[in-house]
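Written below as structure tokens is the structure these notes are about.
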Amino acid sequence: HKKTITSDTILPGNHLVDGVAKLQKFILSNRRDQFAHAICSKVLTYALGRYLTLEDEILVNELNDKFIKDRFRLSGLIENIVLSETFRSH
């Protein structure tokens, strides 16, 4: 039995998305800050090689603001992490 693969789904809040482009549009228009914060936290965790602490939240917020202003460029996020005092003193 072959099942048809579909790219449409209903997200929480009853939002219908069909395809990656519409999912991206939904995230950037409805969950932009949450998405940016999650990416910044995950990449910083990986870069530091440890769990984040409450003290790291200040840096995450700074990275988050720069990441959004930089139009979600991952290379810019990585550069800002590497230049941070937290990374350099780790």
Side-chain angles (χ1 to χ4, degrees):
H1 297 324
K2 290 187 177 182
K3 293 185 177 183
T4 304
I5 298 174
T6 62
S7 62
D8 61 321
T9 190
I10 298 176
L11 299 174
N14 212 24
H15 298 281
L16 175 66
V17 292
D18 182 16
V20 175
K22 289 186 180 179
L23 177 60
Q24 180 182 16
K25 183 179 178 182
F26 172 82
I27 290 171
L28 292 178
S29 62
N30 295 292
R31 302 289 175 103
R32 182 178 137 167
D33 293 337
Q34 184 181 11
F35 172 78
H37 190 273
I39 294 293
C40 292
S41 296
K42 298 299 181 188
V43 174
L44 181 60
T45 299
Y46 181 79
L48 296 177
R50 63 170 174 78
Y51 293 107
L52 299 183
T53 65
L54 285 176
E55 293 174 354
D56 296 319
E57 194 62 28
I58 295 169
L59 176 57
V60 171
N61 290 334
E62 291 172 6
L63 293 170
N64 186 46
D65 292 343
K66 291 177 183 177
F67 186 52
I68 292 171
K69 286 178 187 169
D70 202 21
R71 302 175 141 206
F72 303 94
R73 281 185 341 116
L74 194 55
S75 60
L77 173 60
I78 293 169
E79 180 179 353
N80 287 324
I81 289 172
V82 171
L83 294 175
S84 73
E85 185 64 32
T86 303
F87 181 84
R88 295 173 4 152
S89 66
H90 181 64

Restricting to side chain to side chain contact (heavy atoms under 4.5 Å, CB included), what partner residues turn up for E85, sequence neighbours left out? R88, S89
Sequence neighbours excluded, which residues qualify as side chain to side chain contact (heavy atoms under 4.5 Å, CB included) partners of T53? R50, E55, D56
Just distance, no hydrogens or angles: give the donor-acceptor pairs under 3.5 Å from side chains in residues 11-29, sequence neighbours left out.
unit_1, atom_1, unit_2, atom_2, d
D18, OD1, S7, OG, 3.0
S29, OG, K25, O, 2.8
S29, OG, F26, O, 3.4

Which value, rounded to the nearest 0.5 Å, describes the distance between L48 atom CG and L59 atom CG? 7.5 Å
Tell me the salt bridge (Lys or Arg N to Asp or Glu O under 4.0 Å) pairs involving residues 61-70, sequence neighbours left out? D70-R73
Tell me, which pairs form a salt bridge (Lys or Arg N to Asp or Glu O under 4.0 Å) where one or both residues lie in residues 28-46, sequence neighbours left out? none
Looking at every heavy atom in both N64 and A36, which two are closest together, and how far apart are they? OD1-CB, 2.9 Å
Distance-only criterion, 3.5 Å: show the donor-acceptor pairs between side-chain atoms of residues 77-84 and protein atoms not counting sequence neighbours.
unit_1, atom_1, unit_2, atom_2, d
N80, ND2, G76, O, 3.1
S84, OG, I81, O, 2.6
S84, OG, F87, N, 3.2

For I58, the rest of its hydrophobic cluster, which grows through side-chain links under 4.5 angstrom: none
Using ring-ring contact (aromatic ring centres under 6.0 Å, His included) as the criterion, list what pairs up with F72, not counting sequence neighbours. F67
Pairs meeting criterion ring pair (Phe, Tyr, Trp, His ring centres under 6.0 Å) with involvement of residues 35-61, two or more places apart: none
